[in-house]
Each structure stands twice: as structure tokens, then as C-alpha cells.
Amino acid sequence: MTAAMVLDVGLALLVVAVAVWIVAAGSAFAAVVGFVSFGLLLALAWARLAAVDVALTEAAIGSGVTGALLMTAASRLRPTESRSAGERPGAFLHVVAAVLAVLVSAGLAALVLIPASPAPSLAPAAAVHLPELDVLNPVTAVLMAYRAVDTLLEKIVLLLALIGVWSLAPDRFWGGAPGLWPRSRPDGELTLLARLLPPIGIVVGIYILWVGAIAPGGAFQGGAILAAMWLLIMIAGLRPVPEIHRQWLRLVLVVGPAVFLTVGFAGFFLPNGFLSYPAQFTKPLIIVIEVVLTLSIAAILGLLVAGPPERERQR
Amino acid sequence: MRVLFDSFTVLAVSAGAVFFLAGTVGLLRFPDSLSRLHALTKADNLGLGLVVLGLLPQATGPLVALKLITVWLLAQLAGAIVTQLVARAVRRENQEA
Amino acid sequence: MAEFLIAAAGFVLAMVALGLARILRGPGDADRMMAAQLLGTGGIAALLLLAAGTDVPAAVDAALTLALLAAFVAVAFVNNAPRTDAAERRATDG
Amino acid sequence: MNAATLYGLCSAALVGLGLFGAIVHPQPLRKILAFNLLGGGVFLQFGVIARRGAAAGMGGDPVPQAMVITGIVVAFSATALAVTLLLRLYQVSGSATLSIETQSSSESDGGGR
Amino acid sequence: MLAIAVPAAGVVLAMALGGRQAERIALAAASAGLCIALAIAANIWQSRTPIAYHLGGWAPPLGIALRADGLSAIMAVTTAVVICAIGLFARQGFSVPEGAQEARAPMVFWTLLMGVWAGLNAVWFGADLFTLYVALELLTFGAVPLVSLDGRAETLAAALRYLLFALLGSAMYLLGVALFYGAYGTLDIALLSGLVRAEPVVWVAVALMTAGLIAKTALFPLHLWLPPAHAGAPAAASALLSALVVKGSFVLIVRIWFDTIPSLLNQAAAQMLAALGAAAIVFGSVLALRQERLKLLIAYSTIAQIGYLFFLFPLASAPLRVASGTTELWTGVAWTGGVLQLVSHAVAKAAMFMAAGLIAEALGHDRIAGLGGIARVLPMTVFAFGLGGMSLMGLPPSGGFVAKAMLLMAAVAEGQWWWSVVILAGGLLAAGYVFRVLTPALAATDAPLTLRTPVSSGRQGVVLALAICALLLGLVPLRPSLLLEVGRHIPTTVIAR
């Protein structure tokens, strides 16, 4: 047993233990605190699986932003917990669910233990085309070139989710500003943090975006960091939460997918069709798309956390 | 030279690990929230600080070293302010209760 | 050297994992949050050690991200926890 | 037993736990949390497959890794939408359970549009 | 590709310009989308070969292909027609009020309408299992907010329940995707069909994916989310959800069973799916009979009608047992019947939900007991409802009749007579619930009905036109069936465009 092996065993056990706690915890808030740790541990696991791009995403989105979102929800919903305790499902459902869960887990575990050999991989194929794309990070190449349409459709998913969140506002607040944690009481320390942290965070976010072409990083990770910094500034009250009818806000939200789509349509004039890049401009185009996508992702993620409009629109 | 760097790393990282141990023991053993907070900050500041210090000789370039220091500074900044906020929260909680 | 760094990462992780018992015991949410914070710092340290020990330099970036967002999550906690925390205390006392 | 197999077993356990939690928890928020566990397990499965596909000087197959990044973002937006729905439900009805239509449909069935 | 990109661009533009523009963009995109769908269908009709398109010039397995075969073409045209009708129908309900720059419901409705459409087209044309996952999520994120558009507590609860079901379903599906990739290193359906072997990983993957998709399709017993969700949404949205969105996940099951693992089709599993379908027909119809509200009745009937679709699995895959020329013919009949059921239910159900919407708008309620004499006031609407109902019952000459007759004949010819009993019983039950509505509606009443709001004849006309489409489908069943054969178990030829 090497040190690495011990570390892996410990980490895997820890992940499962925290997961058990999340399912079994007495209060939702305690479960959410567990979830934040869960995300952190998963990020470590991803690093151990040599998937640093994913570790970055998990650290930023899976643990950080999702954790903050769920924490707010858990604390707002706390009054309902004692009431719904009475309607626990019966033993029968527990047994059925347990049997089902054990079956699925056992099936998966069995499959994990008998892997396909040799393990199939597209890594060599992805590597072959990296020089023509002039992008050194294979994950970025997959997201922006080989499987670009998935990334594009996913941007549309994000926009739909945002519209969905906004749609939950009462009619009279449409166009107004999201509520964003109305309980927050900005005090000295919070304001200080919101003044000091974002400059560093923004530099880091831009760095992560920029490094995405050559090393792990990219639009999603950079965007999530920027979103968190923006939220921090808004929570501390240093900048107001924007009203959702603002034209500039709408433009920022769509500029990423719009540029992506435009480049995609432009591909029709090229031999390879939709979403292909002209050979000599591949790298600059990918970088331009990544930059605007980062802006849009940051805005969308931030507003998804901020929630539906809760204030009337200012005339 | 290499040996010197490496032994420095071993020393600093081990010391950092000890502070993490201390932080955990404190978190588990101390009787009330505020003293537990005290234990936590020791681990935060010194444990991570020593680990970063120990890793600096191993850094492959100035950028990596810069990032290591930034990580520590961030943890300092966030730790200091968050500790304040949590402490205030705990106090408020005690007053209300 | 690599072996030592990985072992150190494992040790730090094991230490902060013990702290997770605080998440289980509570009693207040502030205590739970502290345990999560400690795990966060420990996780960052472990990630840094792994980055150096297993030659995955980009893991430092992941540590950077974690450090940034740990602060963000803590702010979310402070914004939401205190009032309800007291309420919970009262509920369990009374 | 290598690291990939180990995390594969971990992923299997997460999927089972998430599934169990999503079925038995009466509170929607806990269901959402369980869904995130399940998602974590599914993504980890991709990670294990990617790790096994390490080749061409890469630590893992980039294609499944890219899929996980897409998946994490989708799971986040799902969580955001579900949480907002839940908070709004609580705001409107003062309760946060899914059994609401059985209680209130009889009172308000004239209001159907 | 254009078929997906145009509505997607619509979402982006509508979001950017907002206000009154959203509606105009949606309608423009709808007409463009209809033309594209027709062009694709015509192309396939003429060439008799499926079209494959490699995005960005990257060929699978590394890249992603889109593939248009007969099934995709028919579904795309159906989608375009129904969405155009819904768009025309919804113009009145979802226009921005005078004096306002932008209002919540119209903005949300028009944007999501296009989002759902992009998702549907991505489902019809996608040839990569992960792209199909993203497409499924597009559908979910588009559909859920439509359910809770009116913001009442019960629709919020219905939307949340729908979302949770859908999320669990897609997580299961995604897990299956992971297993497929882990075993064969590709997610392209055509490539996979050449690689799959009868081994445990395939069974687990297909079981997980099918279970997940069944939850999204609302097949019995995972149907609990559907009635409150579909009944609670505004009429135009219900039409969209019931007619098209549930079909997306169904077509995915078909893609997995018939296109991804055609050589491994398992009769026992297919029989089990059909048994669930049969149970859905019986339970859905019986529950529909007991509903007091019109929209809930229609929603429960959706569950029943979805049940028929699952007969496709045993009936269209029978040649595994009898490899003679005649069975080949009958599986073809079953295939056509199944897809025709898909299309005719889409059109008929959209018409019925919109008719119910008009009735509810006119009366201010949709209690079946209070429908007396409505046919006098809204003759076109009630007529449209009746025509749609004919298709559900399977009365000639509707599309539903031909579909059910074909399934019935295939069941008898393949010696699976037990399904024919269910099909006949389902028709009778459907007659029961349709007449439960029509009888009071057509009855003469003494007191003249007073309408709360007048209903424009234009909107009634749209609904009636759609219902007539459902009827006419019965008259042209053979032509689409030729189109349908395109791309069925035939290796793809790549056409570079």
C-alpha cells in the first residue's frame, strides 16, 4: 500500500460518509453544511482522477455557488421542517426505496469491477486534432470544437433556467430587481471583505479563463468565480442588484450564446458547415467565444442565485 | 542545496500538519463556540501558512509561488473576516437566547 | 519527496475529517459551519500538497478557487444562520 | 484495486444513496440535496471512465470530462430552478410540501383556467 | 441543423430584445421552422435515404452527428404544425398589455415556447446520446416554468413535482450514457448499434435509461406528476406539454431500443413495457372517467394514450421469433401504427386542450357538470373537441382509428392477441370519457348560457383546423408510412452539405 492508495481509500470513504450524513441529517441546514464539505471532497477526488478541469468546476459551481444557494433556501425554509416531520412516508416505501437503491448500487459496483478491456478512449483521437485547433487543453477542445453543439445547447438551457426563475416572480415585480437575500445586514466586516476579495477574485477568474486554452480552466470555471464575486459585491450592498428589464443586462446575458451562434451560422459558408471554424482563425475565434461566454455565464449564474424579481420596477 | 530545500519542506509541512491536528482537537474538545472558533483560526492561519511556506521551495516557477502565496492570503483574509462575522453571529445568538 | 507530500496530504485530510464530527454533533449551526470551514482549509492544504506531490500543477488553481469560494459560502452562512440559530436553541431549550 | 475502481465503487454508493434519499425524504429541499448526491455519483462514473481511458499523454479521456463539466452546470441550474420554485411555493402557500394539490384542489377547483 | 438553431436563436433574440418583440420573433421563427421541417421531410421523401450531418466537420466518434430519418422528419413536421397552431392560438392570451413595455407571462411563454421547440428538434435529430441528454434538459427547463406560469400554489407544487421527477429521470438516463461510453467509447447511435454485444453493461445501461425516460414520459406507474402539471398550465402550454413534450422522451426510448440495440431487442422486456402500457390505458381511462374538471380529464386521457405507444415495443420487434416475410410486413404495420398514434395524438390532444382552454375562458370554469349547452355558443370549439375525441376513441376515419387499427391487426397477426383486447377496451373507455363531456355540451338547456368573455372565431378556427388535421391523418396513412421506413435499420450514408 502506497501513501497515495491510503489517501484514495480514505477520501472515498470520507465522501461516502458525508453523503450518508447528508441523507440522514436531522435538519436540512445541517445537511446543507454537509453538502458544502461533500463538494470540496469531490473536488479533491476529481484532482485524484487527473481531471483538474472538473475539479475546478466542482470547486466553483458544485460546492461553492450551489452550497450558498442551498444554504439560503434551508434557512428560509426552516419554519416548515417541524411541520412536515409528521408526514414521513411509511416503512413500505422505505423498504422499496432501499431495495431499489441497493440493486442499482450493486449493479453499478459489479460493472465497475468488470471494466471493458482495453478501456475505450477518445483521447488519442482528440490529441490528433489539437495542433490544428492550436488549443493545448483537450477538454477545452472538446467543449469548444469537437462537441461544440452540446456547449451551445447548454447555454440555451442556462437561459431557459433563468427565464424559469424569473417567471416565478409576481406579475407586478416583472422588470424589477431580484431580492437576493433580503435578510443580509451589511456590516463593517462584510463590506471590507466585499472590497478586498473581488479584485483578487476577478483577477483569478480572468486568469482561469485565460489559462483554459493551455491548461485546465475555461469559461465555466472563470464565469462561476466572477459570478461569486459579483454576488458578494451585491450582498454587501456596494452595488445594487440590477433590474432585469435593463437593456445592458439582457445584452450581457445573451452575448455569449449569440456570438457562439453567429460564428456557428458563419460556418455555413465554410466547407465543414455549422459550427466549424476557418483554419487560420480557429484560436482567436475560440478565445473570443470563450471570453463572451464567460461574461454571459457569470451574469446568468449570478442571477440564478439572486432569484426572481422581488422589488417593483423603478420608473 | 536540493537536500536543504527538501528538508525545509518536510519540516514546515510537518509543523503545518501538527497545527491542523491541534485545530481539530480544539474543535472537538473545547467547550463553547467562541473558543472552538479560536482553535479553528489557529489551524487556518498557521497550518495552511506553514504548508504554503513549506511548498514554496518546491514551486516550479514564480507564477506557482505567487499562486501559493495568494491562496494563503485569501485564506487569511477570508478567515479573519469570516471569523469576525461568525463570532458576532455567535454573540448575537447568545444574547437573543 | 513526492511520497512524503502525499502522505502529508493524507494526514491533513484525516485530521480535518475528524473535525467533521462537529458537523454531526453541532450543537449550533455555527459549530457545524466551523467544522466545514476547517475542512475547507484542510482540503486546500491537501490539494496544494497533492499538486506538488503528484505533479499536477493545475491543482493549485483548484485550491485558489476553493479559497475564494469558501469565503463566499461563509458569507452566505453568516447572512442566513444567526437568527434561526437562536430560534433553534430556544426550541431545544424550551 | 486501483484508484479508478475505488472511486467507481464510491460512485455506485453515491448513486444508491441519492436515489434512496430522493425517494424517501418528504421535504423537497432534501430531495433536491439527494438529487445532487445522485448527480455527483453519476459524474464520478464519467470520471472513472475518463481515468481508465488515459492515453496519448493525457491523464484521462477529455471527452467524458467535458461532459461532466456540462453536466455540473446543468445540475446547478436545475438546483437553482427547483430551489426558487420551492421558495415561491412556500411564499404563496406557507407550506413547502408536494402534497399541496391534494389539500387545496378541492377548495379552488372553480378557479381553473 | 437549422431546425435546432433557428428556435435557439429565437430564444437568444427574444431574451435580448424582450417586450413586444418576443412574440414577433417567436412567430417569425415558427414560420421559418415550419418551412425547414417541410424541406427536410421533402428531401428525405425524395431521396429515400436518411440525412446525416457532422457538426463542425468533426465525424463521430469524436464529433457529433445529427441524423434525420423518416421518424425525425415526421416528428419535426408535426412539431412545427402544432407549434404554429399554438402560437396563433396564444397570441391573444399572451400579448403584452397596452401601455406596458414588457409583461411577465408573454415574455416567459414566447421564450420558453421556442426553447421547448429547440429541445424537441434536438431530440428528433440528435444522433448522439449525450446531445440527446442536453436536449432532454432543454425540454425540462422549458416545460417546468410553463406549468407554474399562473403562480398559484397548486401549480407551483405540480411544477416542482414535475421537475423532481424529470431530474431523477435524466440522472438515470445520464448514468446509462456513462455506461455506454465506458463500454464502447462512443455515444453515436449508429456506431453503437454496430458495437453492442449482449453483455451485462448493456442491460444495466438500457434498464437505467428506460426507467429514467419512462418517468419523463409519465408511463404508469410513474405518471403521478402529469395530471396536475398538465391540467394546471395555461391551455396553450398544456397543449404543448401533452402533445409534444412527453413524446420527446418516448422517442428517445424508441431510439435506444430500435436504433441503438436493434440486434439485442428482448421480447420479455418488450412485453413488460407493453404491459405497463396496457395498465396505463386502463388506469388512465378509468381515472379520466372519474374526473370532474375538463382539463384533468384530458390530462388523464394523455396517460392512457401514451400507453398505446408502448405496444410498439413487442409488436414492431416480433421478427426475432418468426423470421418469415409475413411477420416482417406486420412489424412494419405496427411501426407505422405506433408512429401514427404518436402524431395523431399530438395533433388531437393539442386541439382538445386548446378547445378546453377556450371553453374555460368563456365560462370562467371548466367543471364538466357546468358545460350544459356550450355547443350552442361555441359550436366550432365543441366540434373540434369532438373530432379530437374521435381520434382518441379510434373512430374512423380519424388518424387515431388507423393507428389503433394497425396496432390491432399487427397484434392479432403476430399472435399477441392479448394486446388487441386492451386496445379495444381502451377505445370503449375513451368513448366513455369523451361522451361524458360531449353529452352535456350538446344538450339543450333552458337557461341561455352567458359567456364571461367572448371568444374570437379566429382562435376557434385554429383549434378546429388542428382537429381537422387529426381527422385527415386517417386518410393519408400510407404515404407517411413510406417515409417512416426511411432510416429504419438502414446504415447511414453521409451527405456533406
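Owing to the predicted nature of the structure, the values given are computational and were not obtained by experimental measurement. Each chain gets a letter, A, B and so on, in the order the sequences are listed, and its residues count up from 1.
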K.L.:
Determine whether E:Met107 and A:Trp166 make a side-chain contact, defined as any pair of heavy atoms from C-beta on separated by less than 4.5 Å.
P.N.:
no

K.L.:
How close do A:Gly164 and E:Pro145 get, heavy atom to heavy atom, and via which atoms?
P.N.:
CA-CG, 3.4 Å

K.L.:
Which one, E:Thr140, E:Asp128, E:Thr186, leads in non-hydrogen pairs under 4.5 Å with chain A?
P.N.:
E:Asp128

K.L.:
If we define contacts as heavy-atom pairs under 4.5 Å, which of A:Val165, A:Val142, A:Thr262, A:Val157 has the most with chain E?
P.N.:
A:Val157

K.L.:
Who wins among E:Leu179, E:Leu146, E:Val116, E:Val144 for the most heavy-atom pairs under 4.5 Å with chain A?
P.N.:
E:Leu179

K.L.:
Between A:Leu168 and E:Leu156, is a side chain to side chain contact (heavy atoms under 4.5 Å, CB included) present by the stated rule, with each step listed?
P.N.:
CA-CA 9 Å; A:Leu168 294 165; E:Leu156 287 168; 3.5 Å; yes

K.L.:
Counting only heavy atoms closer than 4.5 Å, note whether A:Ala148 contacts chain E via side chain, backbone, both or neither.
P.N.:
neither

K.L.:
Between E:Tyr181, E:Tyr133, E:Phe109, which has the largest tally of heavy atom pairs under 4.5 Å with chain A?
P.N.:
E:Tyr181

K.L.:
Working to the nearest 0.5 Å, report the span between CG of E:Leu139 and CG of A:Leu160.
P.N.:
10.0 Å

K.L.:
At what distance, to the nearest 0.5 angstrom, does OG1 of E:Thr131 lie from CD of A:Glu154?
P.N.:
12.0 Å

K.L.:
Which one of E:Leu62, E:Val204, E:Val108 has the most heavy-atom pairs closer than 4.5 Å to chain A?
P.N.:
E:Leu62

K.L.:
To the nearest 0.5 Å, how far apart are CG in A:Leu111 and CD in E:Glu199?
P.N.:
9.5 Å

K.L.:
A:Ala145 versus chain E, heavy atoms under 4.5 Å apart: side chain, backbone, both or neither?
P.N.:
both

K.L.:
Just verifying a value: how many Å separate A:Leu153 CG and E:Phe130 CZ, rounded to the nearest 0.5 Å?
P.N.:
10.5 Å

K.L.:
Heavy-atom pairs under 4.5 Å with chain E: which of A:Leu249, A:Leu108, A:Val252, A:Val255 has the most?
P.N.:
A:Leu108

